[in-house]
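Comments concern the structure below.
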Amino acid sequence: MRHTAAVLLVSAALAACGSTSAARPTARATTSTSMATSITSQAPTTSTAPTTPAPKITAPKITTGTGATSTVDLTAKRPFDVFVPKSYTGSVAVPLVVLLHGYTVNGALQEVYFRLQPLAEQRGFLYVHPNGLVDPKGNGYWNATDACCNLYGAHVDDSAYLNAVIEKVQHKYNVDPKRIFLVGHSNGGFMSYRMACDHADKIAAIVSLAGATFQDPTRCRPSAPVNILEIHGTSDPTIHFNGGQIAGHKYPGARNTVATWAKYNGCGTKRTPRPATLDLDSKLTGAETTESAYSGCQPGGAVELWTINAGVHVPALSSAFPTAVIDFLFAHPKP
């Protein structure tokens with residue numbers, strides 16, 4: 001049976017949560033094609049999606065934590081929700097985590113799958129999962145690298161939009177400027193790399209699940225080191241572990257992605273493996289994920305690859321996954 005990424009995300013999220021009573025955000029889901037087919041087979045056409053102007057920021061900072069979300073609007077009519085933990089008082093700067101969804105889905109559905117919001121409450125960080133635009137086929141997407149996933153040539157600058165999101169949150173809340181983090185899946189992983197390229201002075205660290213950076217290293221010129229973690233399954237049929245192409249545009253594999261960022265960050269050429277101690281996929285037996293890291297990197301420029309052996313594009317994420325992701329981010333602030 002063939003499913004779209006939206007169906008796969010719902011199934012994986014509910015399986016990981018262990019209950020079919022988990023909250024289901026609104027999301028378009030069909031059963032006509034697989035995500036791999038929907039990404040690679042659509043020929044680019046033209047679109048008139050608007051570019052994103054800078055936001056008008058006037059409101060004072062918020063000083064009370066609610067343990068709930070509040071909606072923030074931008075002048076581009078792309079509102080987003082900010083989760084504020086109950087522990088937030090405004091007197092202490094706190095981390096900000098931005099989750100970027102995969103192609104065909106939205107931020108709310110990605111949160112059901114990744115389950116970062118409970119950790120935002122427990123560990124006291126601000127949390128945003130914004131939405132990309134919707135393409136002519138009704139699929140949510142980010143205009144990230146040349147390979148993924150602006151398949152219809154829309155004139156939209158998602159890098160500027162997400163930077164505006166971060167700046168808006170910084171204006172309304174007391175954000176620690178050394179702990180601004182991005183997490184992305186698939187298209188969201190590609191977008192995380194794009195943000196690290198364009199806003200390296202602001203982004204402390206990114207975690208990408210099944211994403212990739214630019215195929216051409218000269219397309220990215222980070223102004224400062226950014227901590228990088230790529231998590232990728234060796235059996236991913238959609239964004240291949242060893243690289244591939246989407247609509248004629250190549251993307252690098254997981255090993256080449258981290259090797260490229262190791263060069264940006266001034267690391268050594270050797271990536272050292274660690275014993276497999278992580279169990280990130282509940283459908284695979286034991287500690288299936290192998291960690292490896294570069295040495296000699298500049299401060300603030302750690303580069304790691306976590307390989308999910310036999311992992312697929314939408315793994316059945318274990319309860320250890322969200323904690324492992326946040327632990328990595330919190331261990332890698334700006335210097």
Side-chain angles (χ1 to χ4, degrees), residues 1-25 27 29-39 99-119 129 183-190 192 207-212 229-244 253-255 257-258 273-292 304-328:
M1 182 178 293
R2 299 163 68 84
H3 301 273
T4 62
V7 171
L8 289 171
L9 276 176
V10 171
S11 300
L14 295 180
C17 292
S19 171
T20 57
S21 63
R24 296 176 175 84
T30 66
T31 56
S32 58
T33 58
S34 68
M35 181 177 180
T37 302
S38 65
I39 288 180
L99 175 64
L100 302 179
H101 62 76
Y103 181 65
T104 77
V105 296
N106 60 33
L109 184 56
Q110 195 68 52
E111 160 53 23
V112 171
Y113 181 42
F114 270 33
R115 294 167 292 142
L116 299 183
Q117 187 164 305
L119 287 177
H129 46 74
V183 182
H185 179 213
S186 190
N187 184 195
F190 282 83
S192 295
V207 175
S208 162
L209 172 63
L229 170 58
E230 175 64 27
I231 307 174
H232 217 119
T234 59
S235 298
D236 188 335
T238 304
I239 304 300
H240 300 288
F241 184 81
N242 292 321
R255 288 184 288 255
T257 286
V258 294
R274 302 169 186 158
T277 58
L278 290 175
D279 181 7
L280 301 184
D281 190 328
S282 61
K283 286 190 176 180
L284 299 176
T285 302
E288 79 295 312
T289 299
T290 304
E291 300 175 73
S292 60
E304 298 191 15
L305 172 62
W306 295 0
T307 303
I308 306 177
N309 295 291
V312 294
H313 191 64
V314 186
L317 299 179
S318 71
S319 59
F321 177 84
T323 300
V325 166
I326 297 302
D327 284 348
F328 174 86

Indicate the atoms forming the closest heavy-atom contact of [X] with [Y], along with that distance.
{"X": "His232", "Y": "Ile239", "answer": "NE2-O, 2.7 Å"}
{"X": "Thr323", "Y": "Leu119", "answer": "N-CD1, 3.7 Å"}
{"X": "His313", "Y": "Pro237", "answer": "N-CD, 3.9 Å"}
{"X": "His129", "Y": "Ala108", "answer": "ND1-N, 3.7 Å"}
{"X": "Gly102", "Y": "Ser186", "answer": "CA-CB, 4.4 Å"}
{"X": "Arg115", "Y": "Leu317", "answer": "NH2-O, 3.2 Å"}

Distance check, rounded to the nearest 0.5 Å: [X] atom [atom1] versus [Y] atom [atom2]?
{"X": "Glu288", "Y": "Thr307", "atom1": "CD", "atom2": "OG1", "result": "11.0 Å"}
{"X": "Trp306", "Y": "Ser292", "atom1": "CH2", "atom2": "OG", "result": "11.0 Å"}
{"X": "Ser208", "Y": "Ile231", "atom1": "OG", "atom2": "CD1", "result": "8.0 Å"}

Before you tell me yes or no, could you show the steps for Phe114 and Leu209 under side chain to side chain contact (heavy atoms under 4.5 Å, CB included), namely the whole-Å CA-CA distance, both residues' side-chain angles and the distance that decides it to 0.1 Å?
CA-CA 10 Å; Phe114 270 33; Leu209 172 63; 3.8 Å; yes
Would Glu230 and Thr257 count as a side-chain hydrogen bond (donor to acceptor under 3.5 Å, both in side chains) here? Give the steps.
CA-CA 8 Å; Glu230 175 64 27; Thr257 286; 5.8 Å; no
Using the test salt bridge (charged side-chain N to carboxylate O under 4.0 Å, His left out), find all partners of Glu291 that sit at least two apart in sequence or belong to another chain.
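Glu291 satisfies salt bridge (charged side-chain N to carboxylate O under 4.0 Å, His left out) with Arg274 only.
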Identify the residue among Asp281, Leu278, Asp279 that makes a side chain to side chain contact (heavy atoms under 4.5 Å, CB included) with Ile308.
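Option passing the side chain to side chain contact (heavy atoms under 4.5 Å, CB included) with Ile308: Asp281.
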Would you say Leu100 and Val183 make side-chain contact, with heavy atoms under 4.5 Å?
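No, every pair of side-chain atoms sits at 4.5 Å or beyond.
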Carefully, step by step, assess Asp236 and Val312 under the rule side chain to side chain contact (heavy atoms under 4.5 Å, CB included).
CA-CA 4 Å; Asp236 188 335; Val312 294; 5.8 Å; no
Parallel, tilted or perpendicular: which one describes the rings of His185 and Tyr113, with boundaries at 30° and 60°?
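Judged by the thresholds at 30° and 60°, the geometry between His185 and Tyr113 is tilted.
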Derivation of the side chain to side chain contact (heavy atoms under 4.5 Å, CB included) call for Asn187 and His101:
CA-CA 7 Å; Asn187 184 195; His101 62 76; 5.7 Å; no
